[in-house]
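Here's the structure we're looking at; comments come further down.
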Amino acid sequence: MLLLQTLRGAPNQSVLESSGPLADRVESLWWFAFATASIVYLATMGGLWWAAARARRRERQGEELPPDGERRMTRGVTIAVSATVVILLVFLITDLTVGRTLDPVPRKHPITVELTGKQWWWDVQYADTSAQGRVQTANEIHIPVGQPVLFLLNASDVIHSMWVPNLAGKKDLIPGYTQSMWFQADTAGDYRAQCAEFCGLQHAKMALHVIAEPQAKYEKWIDEQRKPAHTPTDSVADRGREVFLTGQCAMCHSITGTSAASHNGPDLTHLASRRTIAAGTLPNTRGALAGWIVDPQQVKPGTHMPPNQLAPQDLDALLTYLQSLK
Ligand code: HEC
Ligand SMILES: [Cu+2]
C-alpha cells in the first residue's frame, strides 16, 4: 500500500489518478504492465529460492546431478526465454494498440489551443475565427469539463514535451514543426503538466497548469481574457504602468491596450488572474512577484529575464499595477 501511495505521487500530477478518457487507457496499460511485471518478479524470485534450496540439499546429502540434469536445465531456460519473448510481444502489441486509439482527434472539438514551448515557459494562445476572439496568455490553460480540446504544439528554441499525466500521454514540441494532440477532462481540477523533454538549465521549473472547470466558469474566464488590460484608476497603479511602459519591461512583455507589445516573454495582460508565475515556480503573490522582478536569476538561474534595479517606490507602484491586471 505504501509502495502504491509512493508510486501515485501528487494527486494532481499522476498517471494513476486519470481524469479523462485518454488517461484512463494509459492508466489501464500501466496497471497491466505492473501486474505482469509483479508476477514475473515473484515467479523469478520463487524459482531462484527453490533452485538454491534444492542445490543446498543435494550438496548436504552428497547427491550427484542426475544423468538427465543438463537436459532438464536447458529445457527450463528455453521455457523462461520463450515466456519472456511472448510477454514482451504482448507488451509491444498492447502498447501500440493503446497508442493508436489515443491519436485520432474527435471531429467535434470546440476549442483549439496553440501551445508554444520556450526556455522555460509556455506561450498559450486560444485560436478563434476573429482577431478579437483570440486570447494570449502563459503557463495556465483553462478548459471546460467534458469537451475535447485540440492542441497545436510548437517550440521556438529547442525541443520540449507536453505531459499532463492525469489527462493524456506525452507529445513533443518541435521547433518549426506543428504537432497536434488532444485530450478531455472529465472531472474539474487543477492538473499540473510538466515539460517532459530535457530542454536546458531550468527544465525542471517549466510547469503548466491545466485548469478544468464547468462550462459556465470557463466561458466567464475566456470572456475576461479577451478584454484588454484593466486601466488603472488610482494614482499608484497609474505610476506603476508608467514604470512598466518606460522601463525595460515593455521590451519583452505585452499588455493588450498599452504600447507594450513584445512577445519575448509571457503576455501579462491578465497576469493577476493566474495562480502562479514563472511557469508554476512561484505562487502569484505580491511578495513572490517582487522577488521575481528584482532578481529572476535567483529564482531560475539562466532564465531569459534580467534583474531589475528599481527604486523602492517604483517597484511598489509596479507591483500595484501588475496586481490590478485581473
Ligand atoms: C529581456 C527580456 C525581459 C525583460 C526586459 C523583462 N522580462 Fe519579464 N520575463 C521575461 C521572460 C523570458 C520571462 C519568462 C521566464 C521564465 O518563466 O523562465 C519573464 C517572466 C516575467 C513574469 C512572470 C510571468 C508569468 O506569468 O509567469 C513577470 C511578472 C515579469 N516577467 C515581469 C517583468 C517586469 C515587471 C519587467 C520589467 C521590470 C520585466 N519582466 C522585464 C523576459 C523579460
Ligand atoms: Cu523541458
Side-chain angles (χ1 to χ4, degrees), residues 115-124 135-142 153 155-163 170-175 193-209 211 225 229 237 239-255 258 260-326:
L115 187 64
T116 309
K118 311 216 177 202
Q119 283 172 323
W120 291 278
W121 58 282
W122 307 84
D123 179 68
V124 177
V135 160
Q136 184 160 21
T137 177
N139 304 325
E140 192 175 297
I141 295 173
H142 288 240
L153 311 174
S156 62
D157 34 46
V158 299
I159 298 177
H160 301 273
S161 183
M162 161 73 164
W163 191 30
K170 293 175 193 169
K171 195 88 172 197
D172 279 2
L173 289 82
I174 298 165
Q194 169 74 48
C195 177
E197 179 69 46
F198 181 71
C199 57
L201 205 54
Q202 291 303 329
H203 164 64
K205 289 184 180 157
M206 185 169 166
L208 171 75
H209 283 262
I211 295 163
Q225 299 289 314
R239 168 97 191 90
R241 192 167 84 136
E242 269 309 297
V243 172
F244 189 92
L245 295 177
T246 55
Q248 286 187 54
C249 322
M251 284 163 35
C252 293
H253 292 285
S254 53
I255 296 183
T258 73
S262 170
H263 292 287
N264 277 332
D267 183 280
L268 303 178
T269 309
H270 297 285
L271 173 71
S273 75
R274 303 206 272 269
R275 298 177 182 188
T276 65
I277 57 166
T281 306
L282 295 172
N284 192 358
T285 60
R286 194 177 176 95
L289 211 51
W292 171 259
I293 291 168
V294 171
D295 196 359
Q297 300 299 322
Q298 188 74 31
V299 181
K300 281 171 93 166
T303 186
H304 300 298
M305 172 162 157
N308 290 284
Q309 282 184 330
L310 294 163
Q313 311 89 293
D314 284 353
L315 176 62
D316 199 51
L318 181 61
L319 291 171
T320 302
Y321 173 56
L322 291 177
Q323 289 204 297
S324 75
L325 300 175
K326 289 264 178 343

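Each ligand, and each atom within it, is numbered from 1 in the order the structure gives. The first residue in the sequence is number 1, and the count goes up from there. Fair warning: this is a prediction, and the values are worked out from it, not measured in the lab.
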Exercise for review: Note the single closest protein heavy atom to atom 28 (C) of ligand 1, along with its residue, its atom name and the distance in Å.
Suggested key: W292 NE1, 3.6 Å
Check your understanding: Do you see an N/O/S atom of C199, backbone or side chain, under 2.8 Å from the Cu ion (ligand 2)?
Key -> yes
Exercise for review: Report, in ascending order of atom number, the atoms of ligand 1 lying under 4.0 Å from any heavy atom of L268.
Suggested key: 24 (C), 32 (C)
**Study point:** Any side-chain donor near an acceptor of the partner, N284 and T276, under 3.5 Å
**Key:** no
Review point. Would you call V124 and E140 a side-chain contact if the rule is heavy atoms closer than 4.5 Å?
Key: no
Review point. Would you say Q119 and ligand 1 have an N/O pair spaced under 3.5 Å apart?
Key: no
Check your understanding: Side chains of Q225 and S273: is there a donor and an acceptor less than 3.5 Å apart?
Key -> yes
Point to revise | Contacting atoms of ligand 1, where contact means under 4.0 angstrom from a heavy atom of L318 | key: 35 (C)
Practice item. Examine distances only and state if a side-chain atom of Q297 and a backbone atom of M305 form a donor-acceptor pair shorter than 3.5 Å. Key: yes
Review point. Are any of the heavy atoms in P306 under 4.0 Å away from ligand 1?
Key: yes
Practice item. With heavy atoms of W121 as the reference, note each atom of ligand 1 found under 4.0 Å away. Key: 12 (C), 14 (C), 17 (O)
Practice item. Just go through P266, A278, C249, A272 and tell me whose heavy atom is the nearest to atom 35 (C) of ligand 1. Key: C249
Exercise for review: Decide yes or no on side-chain contact (heavy atoms from CB on, under 4.5 Å) for T137 and R274, but give the supporting numbers first.
Suggested key: CA-CA 9 Å; T137 177; R274 303 206 272 269; 3.0 Å; yes
Practice item. Measure the spacing between NE2 of H160 and CH2 of W120 and express it to the nearest 0.5 Å. Key: 9.0 Å
Point to revise | Heavy-atom nearest neighbour in the protein, as seen from atom 12 (C) of ligand 1, with distance rounded to 0.1 Å | key: H304 O, 3.6 Å
Revision key, fill the gap. The single option from T285, L271, V299, L322 that satisfies side chain to side chain contact (heavy atoms under 4.5 Å, CB included) with I277 is L271
**Study point:** Min N/O separation N308 to ligand 1 under 3.5 Å
**Key:** no
Point to revise | Shortest-distance N, O or S atom of H203 relative to the Cu ion (ligand 2) | key: ND1
Review point. Using 4.0 Å as the upper bound for N to carboxylate O, is an ion pair formed by D316 and R239?
Key: no
Review point. If you count the atoms of ligand 1 from 1 in the order shown, which ones are under 4.0 Å from a heavy atom of R274?
Key: 25 (C), 26 (O)
**Study point:** Heavy-atom nearest neighbour of atom 29 (C) of ligand 1 within options I277, L271, T276, L325
**Key:** L271
Review point. Counting only N and O atoms by type, is there a donor-acceptor contact under 3.5 Å from the side chain of Q119 to the main-chain atoms of C199?
Key: yes
Point to revise | Nearest protein heavy atom with distance in Å, relative to atom 17 (O) of ligand 1 | key: K300 NZ, 3.0 Å
Exercise for review: For the Cu ion (ligand 2), find the closest N/O/S atom belonging to E197 and write down its atom name.
Suggested key: O
Review point. Any donor-acceptor pair under 3.5 Å linking the side chain of K300 with the backbone of A278?
Key: yes
Review point. Yes or no on side-chain contact (heavy atoms from CB on, under 4.5 Å) for M251 and S262, after CA distance, side-chain angles and deciding distance?
Key: CA-CA 6 Å; M251 284 163 35; S262 170; 5.8 Å; no
Review point. Which of the atoms of ligand 1 are close to Q248, meaning less than 4.0 Å from one of its heavy atoms?
Key: 5 (C)
Point to revise | Heavy-atom nearest neighbour in the protein, as seen from atom 2 (C) of ligand 1, with distance rounded to 0.1 Å | key: C252 SG, 1.9 Å
Practice item. Considering the heavy atoms of T303, write down every atom of ligand 1 situated less than 4.0 Å from one of them. Key: 15 (C), 16 (C), 18 (O)
Review point. Is a side-chain N or O of N308 found less than 3.5 angstrom from the main chain of I293, in a donor-acceptor match?
Key: yes
Practice item. Would you tell me which option among E140, H253, K118 has the nearest heavy-atom contact to atom 6 (C) of ligand 1? Key: H253
